[in-house]
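Proteins come first, then strands; the chains are lettered A, B, ... in the order of their sequence lines, and each starts at number 1.
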Amino acid sequence: MTQRFYVTTPIYYVNSSPHVGTAYTTVVADALARFHALRGERTFFLTGTDEHGLKLEREAQRKAMSPQAFVDEMSERFRDLWPKLLCRPDDFIRTTERRHEEGVQRAWQRCVDSGDIYLGSYEGLYCVACEDHKTEKELLEGNLCPVHGRPVERVTEQSYFFKLSAYGDRLLEFYKRNPTFVRPETRLNEVVSFVEGGLRDLSISRTSFSWGIPVPGDPKHVMYVWFDALFNYLTALAGTEREGALWPPDVQLVGKDILRFHAVYWPAFLMSAGYADDKLPRTIWSHGWLLTDGQKLSKSREGPSHGRGTTDPVRVADAVGADVLRYFLLREVSLGQDGEWSVPSLVSRARSDLAETVGNLLNRALPFAKHFDGRVPHAPAETLSDADRALEALAATAARDAAAAWAEPAPHRALEATIELARAGNRYFDESAPWRLAKAGDLARLAAVVSHVLELVRVVSVMLWPATPSKSDAIRAQLGLDPLAPRVDADLWPLAWGGLAAHTALAPGQPVFAKFDAQQQAQIFKELDVTTEETKPEAPAKAPKAAKPAEAKPAEAPPGPLTYEQLMATVDLRLAKVLAAERIPRKDKLLKLSVDLGEAAGPRTIIAGIALAYAPEALVGKQVIVVANLPPRDFGGGLVSHGMLLAAGPSDGLSLATFEKDHAPGTRVK
RNA sequence: GCCGAUGUAGCUCAGUUGGUUAGAGCAGGGGAAUCAUAAUCCCAAGGUCGUCAGUUCAACUCUGACCGUCGGCACCA
């Protein structure tokens with residue numbers, strides 16, 4: 001029976017553009033699919049976009065677009081990205097597609113039929129003045145809002161609930177029988193302890209917005225994010241031949257931040273919808289994050305970061321090539337663990353592994369073909385030496401090891417084994433010294449050596465293909481071979497020696513891999529905003545991060561034209577002097593300030609989230625700018641802020657706005 | 001503060017079920033070679049495996065505490 005391999009990435013929320021972290025997950029999925037395809041399996045690689053929810057509804061509103069038009073545009077950014085990274089998903093599902101909406105509604109109905117969905121209500125405490133929900137413990141004596149001192153109201157909102165609480169035991173049993181359901185193993189432990197802690201029913205519908213999939217039979221409700229999103233993995237196949245042939249997924253890649261949804265909610269939903277244990281996903285693979293200087297990549301850290309270069313995958317792929325980017329992501333990061341993202345280390349990795357090891361091996365072997373009419377020499381078995389045989393054996397071992405690693409999946413180890421084989425090829429080449437054989441006129445031995453090296457390069461080109469498909473094919477072209485074209489039931493993995501036939505016409509060409517010499521490297525660093533020693537200003541140590549040449553994104557809708565009068569009527573900015581500042585126990589980011597605004601009522605208390613950037617002592621006496629006409633804001637624990645300080649920057653490198661000269665507290669900013 | 005990770009050569013990381021001199025790549029040092037995009041190959045050097053206790057005949061590998069770093073949450077906008 002034909003093996004099959006179904007791999008998924010999360011569907012990406014279209015609220016933001018893809019960054020290198022998003023690209024990472026997709027590249028891994030693509031590489032796994034390519035590996036399994038090479039083995040002759042029927043593969044299916046699914047990705048897509050998640051397009052519902054209040055956030056997107058609002059974002060569209062702000063841009064004066066219909067939600068559909070907005071998500072259409074955003075989804076394109078993802079769809080267009082993947083080919084640039086040589087990713088070839090077999091399908092791209094959008095949660096706003098009809099097939100998905102219908103599929104999810106069917107799934108919902110099946111959960112209803114199982115008795116697992118019921119209509120309930122959220123009960124909450126609500127302060128009309130704050131327009132916000134409160135929790136019991138925030139309230140002052142007598143159920144008063146701590147901000148306004150007014151009584152809060154008890155409000156209820158209808159919501160459908162999923163009886164997750166009923167699935168705890170079944171889930172635990174399932175984990176026990178399928179210890180590789182969640183990987184790496186430490187993540188399974190986390191999931192198990194979460195479930196053991198008891199599960200609460202999930203609220204899975206909302207009436208407070210409409211941009212979502214209507215609940216069957218009750219269209220006031222739209223489905224809440226996870227119920228909608230998780231089923232994409234199923235709806236992409238539903239109603240087609242694929243469902244029977246491919247379900248369930250073999251590997252579902254997820255970031256560790258969304259593991260819980262995939263490892264707990266998702267199987268519970270499926271169980272409820274009538275899927276037996278053997279029809280549940282085989283493995284939820286929780287991969288790590290890419291870090292820059294130990295920080296998670298995120299939207300707020302886009303652009304140059306600490307001199308390590310951009311995190312925009314398109315710019316990187318344009319500068320160094322998609323193959324190289326893919327190779328780096330797969331080789332440098334150990335799947336399941338966090339990895340460092342850095343353009344300089346990408347360049348150095350590409351140079352030493354790809355150009356100087358693999359590319360070089362090809363380049364140094366090809367010139368010898370001139371002794372054989374430009375063709376792969378024929379080397380009869382009796383001309384082979386122990387070293388030749390040893391090389392063959394080594395290749396077989398490496399191919400086996402790499403295949404096992406890819407199947408694991410552990411791409412970084414697979415690629416390590418691959419490069420190690422190419423390294424051995426260089427060693428063999430040195431020891432065999434074909435240039436001496438050529439001078440001595442020993443064509444029999446020369447044929448053996450050259451054919452062995454060329455075949456080794458072929459082997460390496462296949463082993464590299466999941467990571468660097470276009471470069472692998474470029475190597476193959478020089479070897480006179482066709483591009484790799486996986487077929488179902490044909491195992492192309494190079495377990496057997498001799499795939500490169502004697503007398504094949506070679507086609508030497510330009511070096512396959514860029515060398516990234518000093519000049520190229522400088523060019524790349526420049527393009528990708530890498531700060532090198534030369535370009536870095538002196539004494540960079542503690543200096544606040546230079547205002548980066550921010551590609552001023554018009555992301556936040558610019559406020560419409562505003563007259564001066566309107567502005568002054570809206571925002572009341574005042575100069576103020578900090579009288580006192582103290583840390584707040586248990587609130588790492590907050591400082592409690594006493595600030596003089598020149599008001600008769602005396603100084604105000606302002607809570608500001610600047611503790612990571614400013615020591616309290618450093619603030620006393622400082623002139624700051626305060627938004628004076630904000631309503632009081634409750635920070636819990638009896639802390640109420642009566643104003644806001646103007647500041648900008650990341651929370652750990654924030655700077656407060658001030659003026660060059662001191663003026664009387666209370667002076668209005670104009 | 002709670003929860004969770006992590007701490008191995010200058011850098012990035014491997015170290016399987018505890019067992020002789022702890023591994024690789026990169027960088028740096030020395031040498032060989034000259035077929036190759038000055039690429040390659042060899043050699044040497046470099047680590048009290050975060051700290052302190054404990055279990056054991058034996059711990060980088062197990063247990064505990066502590067320290068450092070990071071992430072999530074809380075809190076923040």
Undergrad: For A:Arg351 and B:rC11, give me the distance from atom CZ to atom P, rounded to whole Å.
TA: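 Value for this atom pair: 19 Å.
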Undergrad: What does the B/S/- profile of nucleotides 37-45 of chain B look like, 5' to 3', with a 4.0 Å heavy-atom cutoff to protein?
TA: BSSBBS---
Undergrad: Report yes if some heavy atom in the side chain of A:Leu464 is under 4.5 Å from a heavy atom in the side chain of A:Tyr327; otherwise report no.
TA: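 With C-beta onward as the side chain, the pair touches.
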Undergrad: For the C1' atoms, the ones on B:rU37 and on B:rG68, what distance do you get once it is rounded to whole angstrom?
TA: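 It comes out at 44 Å once rounded to the nearest Å.
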Undergrad: From CD of A:Glu332 over to C1' of B:rC26, roughly how many Å is that when rounded to an integer?
TA: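 Interatomic distance, CD of A:Glu332 to C1' of B:rC26: 10 Å.
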Undergrad: Taking atom C1' of B:rG71 as reference, at what distance in whole Å does atom CD1 of A:Ile258 sit?
TA: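 Taking CD1 of A:Ile258 and C1' of B:rG71, I get 16 Å after rounding.
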Undergrad: Could you give the side-chain donor-acceptor pairs of residues 398-410 of chain A under 3.5 Å, partners two or more places apart or in another chain?
TA:
{"unit_1": "A:Glu408", "atom_1": "OE2", "unit_2": "A:Arg183", "atom_2": "NH2", "d": "3.3"}

Undergrad: Whole angstroms only, please: what is the CG-P distance between A:Leu437 and B:rC35?
TA: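 Distance check: A:Leu437 CG to B:rC35 P gives 13 Å.
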Undergrad: How are the rings of A:His262 and A:Trp226 set to each other: parallel, tilted or perpendicular (split at 30° and 60°)?
TA: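 If you compare the ring of A:His262 with that of A:Trp226, the planes turn out perpendicular.
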Undergrad: Taking only the C1' atom of each, what is the distance from B:rG71 to B:rG10 in whole angstrom?
TA: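 Rounded to whole Å, the distance is 26 Å.
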Undergrad: Report the distance from atom CH2 of A:Trp435 to atom C1' of B:rA36, rounded to the nearest whole Å.
TA: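 About 9 Å, once rounded to whole Å.
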Undergrad: Toward the 5' end of RNA chain B, which comes first, A:Phe429 or A:Asp353, by nearest nucleotide?
TA: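 Upstream on the strand: A:Asp353.
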Undergrad: With sequence neighbours excluded, tell me which residues meet ring-ring contact (aromatic ring centres under 6.0 Å, His included) with A:Tyr12.
TA: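 ring-ring contact (aromatic ring centres under 6.0 Å, His included) list for A:Tyr12, sorted by chain: A:Phe78, A:Trp82.
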Undergrad: What about A:His287 and A:Tyr24, are their ring centers closer than 6.0 Å?
TA: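 Yes, they do, as the ring centres are separated by less than 6.0 Å.
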Undergrad: Go through the structure and list residues passing side-chain hydrogen bond (donor to acceptor under 3.5 Å, both in side chains) with A:Arg364, not counting sequence neighbours.
TA: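 By the side-chain hydrogen bond (donor to acceptor under 3.5 Å, both in side chains) rule, A:Arg364 matches A:Asn426, A:Asp430.
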Undergrad: Give me the distance, rounded to whole Å, that separates B:rG47 from B:rU69 when you measure between the P atoms they each carry.
TA: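 Approximately 25 Å lies between the P atom of B:rG47 and that of B:rU69.
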Undergrad: Taking the same atom, C1', in B:rA74 and in B:rA27, what whole-Å distance lies between them?
TA: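 The answer is 43 Å between these two C1' atoms.
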Undergrad: Dump every N/O contact between nucleotides 3-8 of chain B and the protein below 3.5 Å, one line per pair.
TA:
{"unit_1": "B:rG4", "atom_1": "O2'", "unit_2": "A:Glu190", "atom_2": "OE2", "d": "3.3"}

Undergrad: Between atom CD in A:Glu408 and atom P in B:rU16, what is the gap in whole Å?
TA: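 Value for this atom pair: 13 Å.
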Undergrad: Could you work out, with salt bridge (charged side-chain N to carboxylate O under 4.0 Å, His left out) as the rule, every residue matching A:Arg436, not counting sequence neighbours?
TA: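 A:Arg436: no salt bridge (charged side-chain N to carboxylate O under 4.0 Å, His left out) contacts found.
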Undergrad: In whole angstroms, how far is the C1' atom of B:rC26 from the CZ atom of A:Arg349?
TA: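 For the pair A:Arg349 CZ and B:rC26 C1', the rounded distance is 8 Å.
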Undergrad: For A:Ala387, what residues pass the side-chain contact (heavy atoms from CB on, under 4.5 Å) criterion, not counting sequence neighbours?
TA: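 Only A:Ser385, A:Tyr428 meet the side-chain contact (heavy atoms from CB on, under 4.5 Å) criterion with A:Ala387.
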Undergrad: Does A:Arg445 have any salt bridge (charged side-chain N to carboxylate O under 4.0 Å, His left out) partners at least two apart in sequence or in another chain, and if so, which?
TA: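 Partners of A:Arg445 under the salt bridge (charged side-chain N to carboxylate O under 4.0 Å, His left out) test: A:Asp388.
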Undergrad: For atom C1', what is the distance between B:rA36 and B:rC41, given to the nearest Å?
TA: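 One C1' to the other, the span is 13 Å.
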Undergrad: Partners of A:Arg326 by salt bridge (charged side-chain N to carboxylate O under 4.0 Å, His left out), sequence neighbours excluded?
TA: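 A:Arg326 satisfies salt bridge (charged side-chain N to carboxylate O under 4.0 Å, His left out) with A:Asp30 once adjacent residues are dropped.
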Undergrad: Can you tell me how far P in B:rC43 sits from the matching atom in B:rC60, rounded to whole Å?
TA: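 Roughly 27 Å separates the two P atoms.
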Undergrad: Dot-bracket for RNA chain B, please. Rules: Watson-Crick or G-U, both distances under 3.5 Å, ( ) within the strand, [ ] when a pair crosses earlier ones, | for another strand, . otherwise.
TA: (((((((..((((.....[...))))..((((.......))))......(((((..]....))))))))))))....
Undergrad: Using the P atom as the reference point in each nucleotide, state the distance between B:rG28 and B:rC67 in Å, no decimals.
TA: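 Comparing P positions in B:rG28 and B:rC67 gives a spacing of 39 Å.
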Undergrad: Once ring-ring contact (aromatic ring centres under 6.0 Å, His included) is applied, do any residues pair with A:Trp266, and if so which ones, sequence neighbours excluded?
TA: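 A:Trp266 satisfies ring-ring contact (aromatic ring centres under 6.0 Å, His included) with A:Phe231, A:Tyr233 once adjacent residues are dropped.
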Undergrad: Considering every strand and a 4.0 Å limit on heavy-atom distances, what is the contact class for A:Lys439: base, sugar-phosphate, or nothing?
TA: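 Sugar-phosphate: the residue A:Lys439, judged by heavy atoms under 4.0 Å, touches backbone atoms but no base.
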Undergrad: With side chain to side chain contact (heavy atoms under 4.5 Å, CB included) as the test, pick out the partner of A:His452 among A:Leu391, A:Leu500, A:Val457.
TA: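 It is A:Leu391, the one option of A:Leu391, A:Leu500, A:Val457 that forms the side chain to side chain contact (heavy atoms under 4.5 Å, CB included) with A:His452.
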Undergrad: Just the rounded figure in Å: distance from C1' of B:rC35 to CG of A:Leu362.
TA: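 Roughly 13 Å, once rounded to whole Å.
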Undergrad: Please enumerate all residues that pass salt bridge (charged side-chain N to carboxylate O under 4.0 Å, His left out) together with A:Arg423, with sequence neighbours excluded.
TA: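 With sequence neighbours excluded, A:Arg423 shows a salt bridge (charged side-chain N to carboxylate O under 4.0 Å, His left out) to A:Asp353, A:Glu420, given in chain and number order.
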Undergrad: Taking only the P atom of each, what is the distance from B:rC66 to B:rG23 in whole angstrom?
TA: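 These two P atoms come out 34 Å apart once rounded.
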